[in-house]
Structure formats: structure tokens, C-alpha cells
Amino acid sequence: MENTFRNHILHIDDAQIQSPHMTPLADHYAMVNSAVSLLTLLVIIAVALIAIFQPLWPLPDEGRTNAVFIAIAVSISFLLLIVYGYFAEKAKGYCVREQDITLFKGLIFRKIITQPICRIQHIEVKSGPVDRKVELAKLHVYSAGDIAQTFEIPGLPVALANAIRNDILAHKDMQHHG
Amino acid sequence: MSSSDVAGDTTWHRVSPLAILYFIEKLFVGLLNNIFYMLPMFIVLWDEIKANPWIAAGIIIAIITTITCFAVWSFIVFRYRLSAGTVEVKSGIFAKKHVNLPFNRIQNVKIEQPFYYRLFNYSSMAFDSGGSLSQEARLIALPLAFAKELQQEINLFKSNNTDTASTMVEFDTDGQVIVGEHSSISTSPEIIENKRSIGDLVLHGITSNRIYIILAAAAPFVNDIFTFFGDQLAGFGVDIQSHIDNDPMWQISIYALSLFLIAIGLMTILSIIGAIIMFYGYTLSRTEDKYIRRSGLITKHEVSVPFSRIQIAIMKQDFLDILFGRINLRLDQLNAQIANANVSQSGTNKLMVPSVFAYECRDIINHVFPNHQLHEIDFNAISKRFIIRYFSFIVVPIVVVLSHSAYYNEGLSAWVVLGAFTLLSAMVYGRWLRWGYQFNDEYIYIRKGLLGCDRFCLPITKIQRITYSQSLFMRKNKLVSIKLYLASGSYTIPMIDEDQAQYLYEYVLYKVESEAKAWM
């Protein structure tokens, strides 16, 4: 009965592909994201070093050595996390089709999360201070139910994020179905 | 300003400066919530504060000034717009937020009047879109008359645009104005679908542990109870310590065993009492479009659930239920909205029918999900690699640790290790045996459990979102896990054949998107 049902990919040149096809996020997104994490880590390391070596309440020598070791170990593990995070963000992608929106993610666990547009409750385009500097935005998509699991596509150029938002809002099922 | 004026226009409006009070309150509450974490700092600095009260006062004034500044700033950036059946709200100082909520997505409109608005006859409106807490839109500092007008307009809009009738009986509490759509067929006669006798409830008490209800009620008196029993025992001349010190091992074991049995017996009795308190006089009635559950010994609860709101039917059986051939049937509706509305009512989002027989279960579900086959469906097994995965990631590490300590310590014998190994392996195997899934063109069925058995039946058209996931290993073995999100929660089908999963994924999307049926 639904002969008119179509689900072509939008916001990509080749509009004939039917099954979701990953488009990577903005090129500089993963880099910016890791840079911010790295900067935060450096600030924390600096604070930790100041705390360890400050002359006002000097630590006992043994305590100082231990503290330095702990700081190094923690920094290395966070550094590894940041490296992992870089590749994890690099691996993310999305696909907007006529009827649904898909997020691809995961390095070890590959996940394809698809949100039908007729089930979207509302959408938000968010951009924090850093995002605004590099002209990126996050697209938050909310459906009913699960509080913990929201659907978010990061690292989209602002114009594209807004375009996707407007497309979704203009979708006929967003207009008519409750 | 009247709502009919603004309904069509596209300019952004600012709210009354009274909104500043709202932001001050919000920031202050946020600060108070975090003060718990700052307590250690206060304790450490207490002497300093006492020595220099002026500095402390200065800091407090600085904090208050900052809060006020932020509140004013928040007010300045707060804009709203009502256009063509949509509420749009822009807010946020650092992280800009733009909420866009079409009228027909709004499930609830709440008008709230905190004391500082009541003085000026202002109010704030909260729009609940039936999803998570964070997606709630809020309009603040509106004149009360305007808020009421807008509320009516939204209702009018909704009643013109939706044909699904539903009621909001279970949500209106604490005197707030809550408006839902009104059921057009609420006059249809009630038919009693099911009743539960005391015998059923006793059985339910035995099979499922309802002791927590009693414990929750007794919690404030726990200390008194323990002191009371301690004193009583001492009064009888029982000195536990001296028995432990002096009696032979076998005697202590017998004490322990009988204590354990007494405890089990007491718990069962308490559990039965709990079941009776909760489900006394249980009736499940049905009108044309909803189920109404009435039960309760002390407070009578009435929960009414429109069929259209039910997302999933769950047949739950514990080990003992299987033995007695009974089933606890649960019909779940929305998850988050209840959490939104009222925490103390969290029980009402689940329509529970305790300890029913399979045929009753089938009939009850049939009114909600016609032609379901949950009771007779043949489930497909999931991949045997499930066993390998849990064997290698859970059983093997535990057994390695145990054998290591058995080898180096004399306390742990090889038999214990062997026993643990057998038990764990049997559990993994049993779990695999229970996992099952099946689907036809309308419903997806899932079965899981270990000793017990839970069976799920969910209509494909109610699915909100779907996840298709594969680890590296799974990709090599052509296996996929599917996770289905409903408004009532998420449900997983682990490790099934890739072709099947691909087909299911595409079929679910096609069905949901092409039919676009209302999910509530």
C-alpha cells in the first residue's frame, strides 16, 4: 500500500544510495576535540606539579616521589585515552536519509544507530564556546523514553547542522504525527 | 498581549524581568545542591572563617552578586517565539540552547506559580514532550492570563490535529494544572477482565520477593527493632557470644542452619503480607480503549492505562513461577514521563497482573496487541558463540584466579574450584539456552532468563530507535547484536546471524517509517 515510500540519502551528492552510507564528520573535529582534551590535561598536570612542588607546605621527600610517579602514571593513561579518543572520534560518521538519521561510531564495537524521523520528539543544535570558534555544532536528537540514551551527532559544520535540523522539522511526519 | 496575536508572528519575544527571580532561584538551588561537596572545605576552613568574618562575608556577597549577574544575563539572552503551532525557546549564556517544540508533540502543559510569581500574578509554563527531562521546554515569567490562554490554544490545536484519544489520570497530582487530551470514548462500560483471590496473592508472595515493601515501611524503625530483639534474647538468658566460643562446630552449624530456615520462613511470610498489602482486592477492568487496575489493602491504588500507551508486554516467570505454572504479566508504558511527573508514583507506569495462568495472560495481552503469539511462538536460538564469549570473558578469568589461590593457599580445595567452574559454565549454557528471538510482520518476540524465564512481545511500530552493533570478533563471525529502543526502555537481542539482523534492521525501519503510526 505504501508504494510512495522513499528513503534516499540527503546531504550527499549521490542521492541514489539506499542503505545508510557513512559520511565522516568535519575534518578538523577530531583534532579540535583532542586538542581541547590535551589542553585540559596539561592544565591539570601543571596544577598537580605546582601542588607537589609548592614551597609553602613542603611534602616529605618520599611523598613527593610517590606523588610524581602517580602523576606520571595518570598522565600517561589519560594521554592514551586521548589518543584513543582521537581515533574514536575520527571513526564517527552520520547519514541523513529522507526518513531517518543514522550515527556510525565505535572502533572495537562498531555501532550503527538509526533514528526514524517520525519518532523524533525534538531536536537541538548546540555549540559550546570552542565549537563556535571552529564553526562546528552538535545536533541533538531526542526521541521518547530512555533518559540516558540521547542521540547526538557531533562535529558538524554549523550551516550543515542547521540545514539538517530544518529538513527534519520540515518532514511531514514531524508536522502531523504525535 | 494575547496569544492569538502571537500565534502567527515570527519575532522573538523577551519575557518579563521577573524571570530574573526564577534564574536566581535556579542558580541558588544548584549551588545548594553542590554545597554537600564543599562541606569538607568549610570544615577545614572553619577556624579561618571565625577569625576573619569580614572576608567570609565579602565572599558571600561576591557569590550573591555573581548569581545575580548571571541571572540578569540569563534573562537578557532568554527569548521565545510562538509561530505556526510551535514553541521555540532560546536560552543559555555559554552553551546556547535552542529548543523547538511543535504543539502536537507536547504531552503535558504545566502551569506553575512559585511564590514570587504569585504576588504579581505571573506564572511559568513547562512543556513536556514525553521524552527525557532535559528536553523539557520552559517559558518563564508570563502573565497568568496569557499562560492559560496559550494552554487552551495548545489543547485546541492538539484536539484538532490528533485523533488518538487518551487520558492523563495517573499524572495529575500535587494540585498542578495538568491537561491531557480527553478520552472521547470514556463512557464505554467497564468489563472486569481479571480478579486475583487471596490464594493467588499468597502464591505470588511465595514466588516473588515482595519483602522490600515491608522493609521500606520498617526502615525508620530498624534500630529499635534490633535493640528490641537483642534485649529480648538477653532477657531469655541467651548469650550468643558464649555459644560461639564454647559449642562444638556441628552444633553451631545446626544453629546456623535453623536460623537460616527461620529467616527464609519469616521472609516468605513477610513477602506474602507484602503481596497482600499491595494487591488486595485486585481487579483489572477493561473499557473499549483502556485497562484499569484497582488494588491495595491500605491505600487503594487506581491506575488506568490506555491501550495505545502500552509499549510492551512482558511475561515474567521466576523459577518458582515455572514450578507452579503461573506468570506475572507486565504491560509497560512510558518510562521517562513518569519520572518527570512524580517520582513517588514510579510504580504506576507498569501495569502488573500478578500470578496469572498462561491462558489469562494470552487474553489480557490480546486486547492490547491483537493476534500476538507470545504464548505459542517458536523462538530462534542466538549464536552458540554467546557461550564462547561469556565462557572466555567471565568463567575463565574467575576460574584462573580461583585456581591460583587454591594452588598457593591451603584453604581452598580443588573441589571448590571444580564446583565453581561447573556451576558457572552451567549458568552460561543455561543463559544461552533461554535466549531466543522471533519476529513476524507485526511483532518482535524476545525470551531470556536463567532459572526464570522472561518473554517480551513488542509491536514493531512502537520502536523509537534501533542500534546495530558488531565487535571485531562478531564481524569476523558474521554476528550482530540488535538493540531496540522503546518509550518504555531498551531491549537487546545479542549475537544473531548477520543476514537475519540486517533483514530485521531494514524491516523495522521500513515498517516504522512507512506507517508512521502513533506510538502513544
Side-chain angles (χ1 to χ4, degrees), chain A residues 1-7 18-20 97-100 102-129 131-132 137-138 140-151 162 165 168-169 171-178, chain B residues 85-86 92 94-102 104-107 129-135 137 158 161-162 164 311 334-337 339-340 463-472 474-475 481 483 485-490 502 505-506 508-510 512-520:
Chain A
M1 75 185 210
E2 289 284 342
N3 289 331
T4 52
F5 182 75
R6 293 191 317 156
N7 197 3
Q18 295 293 313
S19 70
R97 296 192 291 178
E98 285 173 71
Q99 308 291 340
D100 51 37
T102 302
L103 174 70
F104 298 78
K105 67 174 193 182
L107 280 176
I108 297 164
F109 261 95
R110 198 86 188 110
K111 276 191 181 174
I112 303 171
I113 308 163
T114 304
Q115 171 71 60
I117 289 171
C118 61
R119 288 287 179 268
I120 292 176
Q121 284 287 323
H122 82 262
I123 33 179
E124 279 173 22
V125 174
K126 277 187 184 173
S127 52
D131 279 350
R132 263 177 284 164
K138 288 186 181 77
H140 270 260
V141 176
Y142 297 89
S143 64
D146 254 86
I147 299 174
Q149 304 273 353
T150 55
F151 180 100
N162 282 323
R165 190 180 73 105
I168 291 175
L169 287 175
H171 191 274
K172 66 175 169 41
D173 288 325
M174 280 295 280
Q175 307 287 321
H176 299 306
H177 289 272
Chain B
T86 331
F94 296 113
K96 304 272 181 214
K97 205 171 152 187
H98 183 166
V99 179
N100 192 316
L101 195 57
N104 54 8
R105 295 277 149 149
I106 296 173
Q107 308 294 347
S129 67
S132 67
L133 269 178
S134 55
Q135 67 182 93
K158 277 161 69 80
N161 280 270
T162 38
T164 46
Q311 308 289 318
L334 255 85
N335 197 4
Q337 194 173 24
N340 251 351
I463 290 172
Q464 301 276 341
R465 180 188 300 165
I466 183 167
T467 297
Y468 177 100
S469 65
Q470 266 185 319
S471 70
L472 288 174
M474 285 162 73
R475 211 172 317 165
S481 291
K483 195 167 185 182
Y485 293 84
L486 292 178
S488 57
S490 58
Q502 187 74 39
Y505 168 80
E506 267 160 23
V508 164
L509 288 178
Y510 171 74
V512 171
E513 292 165 1
S514 65
E515 297 188 7
K517 278 191 186 161
W519 53 273
M520 63 176 283

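When reading the values below, keep in mind they use all heavy atoms of this one structure, side chains included, and skip hydrogens, waters and symmetry mates. Note that the coordinates shown come from a computational prediction; the quantities given were computed from them, not determined experimentally. By convention in this document, chain letters (A, B, ...) are assigned in the order of the sequence lines, proteins followed by strands, and residues within each chain are numbered from 1.
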Engineer: Looking at OG1 of B:T467 and CZ of A:F109, how far apart are the two atoms once the value is rounded to the nearest 0.5 Å?
Structural biologist: 12.5 Å
Engineer: Output all residues satisfying salt bridge (charged side-chain N to carboxylate O under 4.0 Å, His left out) with A:K138, sequence neighbours left out; order by chain, then residue number.
Structural biologist: A:D131
Engineer: Locate the shortest heavy-atom distance separating A:S143 from B:Q464; write the atom from each residue and the value.
Structural biologist: CB-OE1, 3.6 Å
Engineer: Is the shortest side-chain heavy-atom distance between B:H98 and A:N162 below 4.5 Å?
Structural biologist: no
Engineer: Sort out for me which of B:I466, B:T86, B:I463, B:L472 touches chain A most, counting heavy-atom pairs under 4.5 Å.
Structural biologist: B:I466
Engineer: Using distance alone, with no hydrogens and no angle criterion, decide if A:Q115 and B:R465 have a side-chain donor and acceptor under 3.5 Å apart.
Structural biologist: yes
Engineer: Residues in salt bridge (charged side-chain N to carboxylate O under 4.0 Å, His left out) with B:K96, at least two apart?
Structural biologist: none
Engineer: What heavy-atom pair brings B:V512 and A:C118 nearest, and what distance separates the two atoms?
Structural biologist: O-SG, 3.6 Å
Engineer: Roughly how far, to the nearest 0.5 Å, is NZ of B:K483 from CD1 of A:I113?
Structural biologist: 9.0 Å
Engineer: Ignoring hydrogens, what is the shortest heavy-atom contact between A:D100 and B:E513? Give both atom names and the distance.
Structural biologist: OD2-OE2, 2.5 Å
Engineer: Roughly how far, to the nearest 0.5 Å, is OG1 of A:T114 from CG of B:L509?
Structural biologist: 5.0 Å
Engineer: Taking every non-hydrogen pair under 4.5 Å, which of A:V125, A:I108, A:T102 racks up the most with chain B?
Structural biologist: A:I108
Engineer: With chain B, which of A:K126, A:R165, A:H140 has the greatest number of heavy-atom pairs at distances under 4.5 Å?
Structural biologist: A:R165
Engineer: Could you report the tightest heavy-atom contact between B:V99 and A:E124, atom names first, then the distance?
Structural biologist: CG2-OE2, 3.8 Å
Engineer: At a 4.5 Å cut-off on heavy atoms, which part of A:S127 comes close to chain B: side chain, backbone, both, or neither?
Structural biologist: backbone
Engineer: Measuring heavy-atom distances to chain A, does B:E506 have an atom under 4.5 Å in its side chain, in its backbone, in both, or in neither?
Structural biologist: side chain
Engineer: Over all heavy atoms of both residues, which pair between A:L107 and B:R475 is shortest? Give the atoms and the distance, please.
Structural biologist: O-NH2, 4.3 Å
Engineer: In terms of heavy-atom pairs under 4.5 Å, which option from A:K111, A:K105, A:R110 contacts chain B the most?
Structural biologist: A:R110
Engineer: Can you give me the closest heavy-atom contact between A:P129 and B:F94, atom names plus distance?
Structural biologist: CD-O, 4.1 Å
Engineer: How many angstroms lie between CZ in A:R119 and CG in B:L486, if you round to the nearest 0.5 Å?
Structural biologist: 9.5 Å
Engineer: Need one label for A:L103: side chain, backbone, both or neither, based on atoms under 4.5 Å from any heavy atom in chain B.
Structural biologist: neither
